[in-house]
Amino acid sequence: MDNLELHNILLKNYGIKKYISPKEMNITDNNCEYLGIPKMVLMENAGKSIADEVVNYLVKNNKNKIFVFCGLGNNGGDGFVAIRHLIGYCDYMDKISKSSGFIRFPSLRSEITVILLGKEKEIKTYESKENFKILKNIGELDFRLKIKEMACPNEILKVIKNIKTEKENVIIIDAMLGTGIKGELREPFKTVVNELNNLNKSNNIKIISVDTETKGLNGDLIITFHKHKLDNELNKTNLKKIGIPPIAEHIVGWGDLKALSKINPDSHKGDNGKVLVVGGSKEFFGAPILSALASSKIVDLVTVASVKNTMDALRNYPELMGYEIEGNYFGEEHINEIVELSKKYNVVILGNGLSVNNSTKKFVNGFLMEMDKLNKKVVIDADAIKVIEYENFIFNENFIFTPHKKEFEYMGLDVNNINNIYGIPWSSTIVLKGKYDLIFNKNNIKINKTGNAGMTVGGTGDALCGIIGALFCKNDAFISGCCGAFINGYAGDLLLKEKGYYYNVIDIIDNIPIVLALYG
Ligand SMILES: NC(=O)C1=CN([C@@H]2O[C@H](COP(=O)(O)OP(=O)(O)OC[C@H]3O[C@@H](n4cnc5c(N)ncnc54)[C@H](O)[C@@H]3O)[C@@H](O)[C@H]2O)[C@H](O)CC1
Ligand SMILES: [K+]
């Protein structure tokens with residue numbers, strides 16, 4: 001069974017998530033674009049679904065004045081689209097004679113007032129800017145559409161005071177903030193939310209929120225998209241599908257890379273990650289160096305702990321540091337010193353070129369026991385996977401395994417006998433390599449399609465570990481596994497375009513910064 005089939009089978013086992021976090025929604029949104037669905041299309045679908053719901057509300061409750069408070073992000077953009085569709089329900093005549101053969105639409109007899117809480121030039125995204133421009137084009141000619149750009153709380157207070165005096169029935173649409181909110185509410189949003197909450201006491205006013213209620217707002221109805229958001233009260237939320245395919249939540253794309261923690265410009269040496277690579281042996285002295293080179297493209301400090309042969313080879317790489325152990329293989333006698341050494345690093349990458357024998361078996365099992373106690377983040381690859389005694393092994397959430405199919409079977413998990421994968425018991429993250437990489441743990445599963453046949457060249461697994469280990473310094477295991485697989489494969493895809501299949505792992509490693517610059 002290939003990983004694509006396995007993914008489809010396992011997906012059923014994960015079931016459908018009812019809620020989605022803002023971070024997951026953002027990743028999904030961006031991965032829709034990766035799948036080829038423009039954000040503009042999603043915004044159009046979202047805005048139309050708002051308008052349809054508002055019109056229903058209008059007809060049922062005979063409301064006919066609308067005030068839309070819009071933010072500067074895509075929540076505001078949804079608001080702009082909704083207004084355009086609401087105008088589309090308008091007609092120029094108050095009465096429509098039967099003979100004219102017009103179908104009776106719920107006509108909005110009076111105006112729609114749009115309050116942009118800022119200046120047009122402050123609107124953040126392309127799709128939002130474009131939709132605001134369209135509204136201005138319409139507003140110039142259709143006097144029922146009044147557009148105001150306001151940032152000063154006092155000006156806004158005047159508008160809200162006028163709403164208070166309205167005799168007619170009013171709908172207020174909250175398109176201020178959605179899933180992009182960060183931290184405590186800033187002005188002028190804070191004033192608006194407080195005033196709208198006071199306003200909402202009168203029964204001729206109803207408040208409808210786009211996607212989520214702006215923090216602190218207590219409205220009457222929320223129209224949310226694609227999946228329920230954790231903060232929304234379900235009993236006043238209508239869920240609208242806007243054309244996001246389920247796979248958008250399960251494909252690894254640039255949306256995942258955009259969600260990686262960013263380098264802090266004021267950081268000091270070591271703040272952006274320190275990786276310790278524990279691997280190598282008399283025969284296989286190069287593998288840990290490849291892993292370390294890949295990590296060194298992303299983090300500040302990388303040290304290779306290994307045997308003399310590796311140290312000799314390491315001299316050619318001044319960007320890497322070395323820690324030499326006695327003997328030709330890691331053994332029980334090395335556990336304490338490497339545990340001590342590991343305390344200075346954020347992540348340990350274990351296994352590349354370690355060799356499979358009794359000595360390394362004792363080292364790996366004893367060392368991982370200590371890593372579990374220290375809650376240390378470890379990427380476990382290749383020979384380390386082969387020597388772990390799984391029967392009483394603790395798969396904790398700080399471990400990432402990077403097996404190919406054969407190594408996966410060492411873990412007692414045969415892809416052709418998936419029953420023992422169902423109900424995955426562990427918190428650890430697995431990156432199951434293949435034509436399609438599967439990244440999964442007990443909560444999530446994603447599939448990565450970057451990469452090509454040129455990646456069969458030696459060392460690409462070592463490079464993958466290095467990337468994952470580096471990302472793991474500042475990110476959680478699942479997103480590190482996903483992005484590591486994406487970056488490694490995408491680096492290979494760039495080379496395929498440039499050189500055909502004839503590239504090696506050093507070419508891949510050199511391409512890591514290019515992929516991160518493109519999407520990170
Ligand atoms: N996910 C989807 O499939 C779709 C989502 N859409 C809508 O997009 C918003 C999320 O848009 P985003 O631009 O990421 O964020 P917001 O518009 O919610 O807010 C960003 C905006 O707000 C400012 N801001 C952030 N924090 C604060 C704060 N504490 N106080 C004041 N201002 C704040 C920030 O500077 C930005 O200007 C989602 O909810 C949906 O409505 C798509 O349009 C349709 C598909
Ligand atoms: K909102």
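Note that ligands are numbered from 1 as they come in the structure, with each ligand's atoms numbered from 1 the same way.
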* **Pairs flagged by side-chain hydrogen bond (donor to acceptor under 3.5 Å, both in side chains) wherever residues 170-188 is involved - sequence neighbours left out** => D174-S209, D174-T214, E187-T191
* Asked: Contact between G183 and ligand 1, counting heavy atoms under 4.0 Å?
  -> yes
* To do: Give a yes or no on whether a salt bridge exists between K449 and D493, defined as a side-chain N under 4.0 angstrom from a carboxylate O.
  => no
* Asked: Between D211 and N75, is a side-chain hydrogen bond (donor to acceptor under 3.5 Å, both in side chains) present by the stated rule, with each step listed?
  -> CA-CA 7 Å; D211 202 25; N75 198 249; 4.9 Å; no
* Any idea which atoms of ligand 1 are less than 4.0 Å away from a heavy-atom of E184? -> 28 (C), 29 (N), 30 (N)
* To do: Using distance alone, decide if ligand 1 has a nitrogen or oxygen within less than 3.5 Å of any nitrogen or oxygen in N26.
  => no
* **Output field: ring centroids Y34/F486 closer than 6.0 Å** => yes
* Structure fact -> In ligand 1, the atoms that come under 4.0 Å of a heavy atom of G178 are 16 (P), 18 (O), 39 (O)
* Salt-bridge contact K446-D437 (side-chain N to carboxylate O under 4.0 Å) -> no
* Between E249 and K227, is there a side-chain N and carboxylate O pair less than 4.0 Å apart? -> yes
* Asked: Judged by atom type as modelled, is there a donor-acceptor pair below 3.5 Å linking the side chain of E149 to the main-chain atoms of L116?
  -> no
* Asked: Can you tell me which residue and heavy atom of the protein come closest to atom 19 (O) of ligand 1, and the distance to 0.1 Å?
  -> L177 CD2, 3.6 Å
* Report the member of I244, I242, N45, V81 with the shortest heavy-atom distance to atom 45 (C) of ligand 1. => I242
* Total protein N, O or S atoms, the K ion (ligand 2), separation less than 3.4 Å -> 7
* If you measure from the Lys or Arg side-chain nitrogens to the Asp or Glu carboxylate oxygens, is any gap between K17 and E24 under 4.0 Å? -> yes
* Is there a heavy atom of H226 sitting under 4.0 angstrom from any atom of ligand 1? -> no
* Asked: Is the backbone of E397 close enough, under 3.5 Å, to the side chain of S427 for a donor and an acceptor to pair up by distance?
  -> no
* Asked: Does atom NZ of K18 have more than 12 heavy-atom neighbours, drawn from other residues, nucleotides or ligands, at distances under 6.0 Å?
  -> no
* Does ligand 1 have any atom that is closer than 4.0 Å to a heavy atom of T125? -> no
* Asked: Among D78, D211, D29, I223, which one has a heavy atom closest to atom 39 (O) of ligand 1?
  -> D211
* Side chain H228, main chain I20, donor-acceptor under 3.5 Å -> no
* Asked: Salt bridge between E233 and K236, side-chain N to carboxylate O under 4.0 Å?
  -> yes
* **Sub-4.0 Å atoms of ligand 1 with respect to non-hydrogen atoms of K124** => 35 (O), 37 (O)
* Residue selection (non-hydrogen contact nearest atom 13 (O) of ligand 1) among N74, N75, L117, T179 -> N74
* Asked: Is there a donor-acceptor pair under 3.5 Å between the side chain of T460 and the backbone N or O of M455?
  -> yes
* Please report which non-hydrogen protein atom sits nearest to atom 32 (N) of ligand 1, along with the residue it belongs to and the distance in Å to one decimal place. => R186 NH2, 3.5 Å
* Asked: Who's closest to atom 15 (O) of ligand 1 heavy-atom-wise, of G180, G77, C70, G79?
  -> G180
* To do: For L72, take its heavy atoms, then give the atoms of ligand 1 lying under 4.0 Å from any of them.
  => 37 (O)
* To the nearest 0.1 Å, how far is atom 29 (N) of ligand 1 from its closest protein heavy atom, and which atom is that? -> K182 O, 2.7 Å
